[in-house]
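Working notes, structure below.
Quantities reported herein were computed from a predicted structural model and do not represent experimental measurements. Note that these values count all heavy atoms, side chains included, but never hydrogens, waters or copies made by symmetry.
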Amino acid sequence: MALFAWGLLSNRLERADVTAPIAFIAVGVTLAGLGLVHGPSAPEAVTPLVELTLVWVLFSDAARLPVQELRRGLGGYVRLLAVGLPLTILFGWGLAAWMFPGLGAWLALFVGAALAPTDAALGVPVVTNPIIPSRIRQLITVESGLNDGIATPVVMLAIAGAAAAAGLEPAESAGHAAVEMLIGAAVGVGLGGLGGLALREARRRGTAAEGFAGIAVLALALGAYALALALHGNGFVAAFCGGLAFGARAGRRAPAELEFLEQMGTLLASLVWMAFGAVAVPIMLDRIDAKDIVYAVLSLTVVRMLPVAVATVGAGLGRITILFVGWFGPRGLASLVFALLALDALGTHADEAVTVLAATVLLSVVAHGLTAAPLARRYGRFAAAAGPEPGGPVTVTRLRRRLGR
């Protein structure tokens with residue numbers, strides 16, 4: 001009923017700056033407050049939902065990006081993903097280890113890695129406003145589309161390390177984890193690429209029913225995940241690499257065929273936001289203190305902005321642009337999915353880490369939701385005064401809403 005009510009009132013609520021994440025988190029908190037959701041048992045119950053959501057998000061985000069058309073801005077993307085993202089993880093890890101020594105090295109790494117991915121869908125007015133230079137909008141969109149997939153192996157390694165340190169499961173060597181990731185990558189590239197080629201050939205021959213193509217892509221994403229697990233590989237890495245390979249091989253119709261997968265992902269994302277409000281937020285409210293809030297503020301500012309500034313040295317971006325890109329790194333769906341996965345794997349051992357993640361995501365949902373439109377307008381005026389874009393505009397990848405606004 002919450003989903004139906006949002007469908008009826010979403011346009012009016014969004015105009016009042018009540019975003020979908022805020023609404024569904026509130027529903028989850030209400031369910032927990034009424035005693036309709038039992039927190040300690042909830043993580044295990046929602047684990048299939050959370051894993052399925054992450055698989056479809058990783059696949060569709062990767063497949064949506066036109067890899068072959070990103071060469072013009074390749075340097076900027078590489079800077080943010082190969083320099084900025086690792087630095088963000090390291091800074092977040094170090095800050096968490098210093099501020100929360102009780103976490104230990106693995107859970108501190110989990111916090112740093114889980115809060116590194118950004119969710120551009122929480123700042124839709126930024127990446128859809130044509131007054132903002134297209135290169136900046138594309139830079140933010142591409143970074144958001146790829147960084148969750150890149151951070152996922154680090155997050156899963158940190159969860160496994162924390163579980164082993166707590167005696168919850170046998171310790172795995174770093175080499176074993178690397179082999180799992182390689183298997184997942186190989187499965188994803190192979191199955192995603194073959195699936196994309198097969199679907200393109202089926203379209204050419206007219207053997208594929210148009211209305212079933214989206215369901216086929218959804219099944220392909222699940223197939224890559226399941227096959228990787230069957231071969232003792234990392235299923236999430238397989239989903240991400242499978243999406244990249246599918247997008248590169250499926251041809252021009254690939255974006256249209258992703259629509260059904262993205263709609264299903266949006267549906268599941270709404271349920272994950274609700275689960276987050278019902279499970280993680282009560283844990284946060286029981287444990288939160290001033291240090292958690294300070295870390296959340298630093299994570300959204302210094303931990304994000306400083307790596308962006310370092311990564312863009314020599315890229316020709318002005319100080320205002322660097323600050324703008326640095327600020328619009330909202331923490332959203334990927335971070336809360338990681339939080340719920342940690343709760344399922346670690347139980348109460350993850351409570352402190354989940355408290356930090358929940359505080360940061362909630363602060364981001366509110367802060368970025370309220371500042372996206374006004375700051376986009378101000379930066380757009382600044383950019384317009386600076387003159388036309390060097391080299392002309394570029395095509396901006398269409399952003400999947402992912403229940404952002």
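- Counting heavy atoms from C-beta outward, Ile159 and Phe338 have side chains that stay 4.5 Å or more apart.
- The side-chain contact (heavy atoms from CB on, under 4.5 Å) search around Ile320 returns Tyr379, Phe382, not counting sequence neighbours.
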Checklist entry - Yes or no on side-chain contact (heavy atoms from CB on, under 4.5 Å) for Phe91 and Val302, after CA distance, side-chain angles and deciding distance? => result CA-CA 9 Å; Phe91 287 2; Val302 177; over 6 Å; no
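- A heavy-atom distance below 4.5 Å is found between the side chains of Leu317 and Ile136.
- At least one side-chain heavy atom of Trp273 sits less than 4.5 Å from a side-chain heavy atom of Val365.
- Panel note: side chain Asp119, backbone Leu333; a donor-acceptor pair is recorded below 3.5 Å.
- Checked by atom type and distance alone, the side chain of Lys291 pairs as donor or acceptor with a backbone atom of Met99 at under 3.5 Å.
- Trp327 has its side chain within reach of Thr301: a pair of non-hydrogen atoms, C-beta onward, lies under 4.5 Å apart.
- Every residue two or more places apart in sequence or in another chain was checked for a side-chain contact (heavy atoms from CB on, under 4.5 Å) with Pro86, and none qualifies.
- Counting all heavy atoms, side chain and backbone alike, Ala228 lies closest to Gly184 at CB-CA, 4.2 Å.
- Interatomic distance, Leu343 CG to Asp351 CG, rounded to the nearest 0.5 Å: 6.5 Å.
- In this structure, the side chain of Ser144 does not engage the main chain of Thr141 through any donor-acceptor pair within 3.5 Å.
- Interatomic distance, NE2 of His232 versus CD1 of Ile183, reported as 8.0 Å (0.5 Å rounding).
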Item to check | Test side-chain contact (heavy atoms from CB on, under 4.5 Å) applied to Leu346 and Phe110, step by step | outcome: CA-CA 12 Å; Leu346 303 173; Phe110 166 73; over 6 Å; no
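- We find the CE-CD1 distance between Met264 and Ile215 to be 9.5 Å, quoted to the nearest 0.5 Å.
- Contact between Ile89 and Ala116 at its shortest, heavy atoms only, is CG1-CB, 3.6 Å.
- When all heavy atoms of Leu109 and Trp93 are compared, the pair lying nearest together is N-CD1, 3.2 Å.
- Nearest approach of His349 to Leu107, heavy atoms of both residues: O-CD1, 3.4 Å.
- A donor-acceptor pair under 3.5 Å links the side-chain atoms of Thr312 to the main chain of Val308, judged by distance alone.
- The closest side-chain heavy-atom distance from Tyr295 to Val111 is below 4.5 Å.
- Using a 4.5 Å cut-off on side-chain heavy atoms (C-beta onward), Leu115 and Val303 make no contact.
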Next on the checklist: Is there a side-chain contact (heavy atoms from CB on, under 4.5 Å) between Thr118 and Arg304? Walk through the geometry before answering.
Outcome noted: CA-CA 10 Å; Thr118 58; Arg304 159 72 181 176; 3.6 Å; yes
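- Between the side chain of Asp148 and the backbone N or O of Ala151, no donor-acceptor pair lies under 3.5 Å.
- Within the model, atoms CZ of Phe59 and CG of Leu222 stand 9.5 Å from one another, a figure rounded to the nearest 0.5 Å.
- Atom CZ in Arg137 sits 12.0 Å away from atom CG in Leu139 (nearest 0.5 Å).
- The backbone N or O of Val356 lies less than 3.5 Å from a partner atom in the side chain of Thr360, making a donor-acceptor pair.
- Inter-residue side-chain proximity for Glu143 and Leu81 is flagged as met; some heavy-atom pair is nearer than 4.5 Å.
- Side-chain atoms of Leu157 and Trp106, non-hydrogen and from C-beta on, do get closer than 4.5 Å to each other.
- Side-chain atoms of Ser335 come within 3.5 Å of backbone atoms of Ala114 as a donor-acceptor pair (strictly under, hydrogens ignored).
- For the atom pair Leu362 CG and Leu336 CG, the distance stands at 9.5 Å (nearest 0.5 Å).
- With Arg331 contributing its side chain and Ser364 its backbone, the two residues share no donor-acceptor pair below 3.5 Å.
- In this structure a side-chain-to-backbone donor-acceptor pair under 3.5 Å is missing from Arg249 to Ala198.
- Closest approach of Ala245 and Gly192 over heavy atoms only: CB-C, 3.9 Å.
- Scanning all heavy atoms of the two residues, the minimum distance from Leu87 to Pro307 falls at CB-CB, 3.7 Å.
- Checked against a 6.0 Å centroid threshold, the rings of Phe240 and Phe236 do not count as neighbours.
- Side chain of Asp344 to backbone of Leu341: no donor-acceptor contact under 3.5 angstrom is found.
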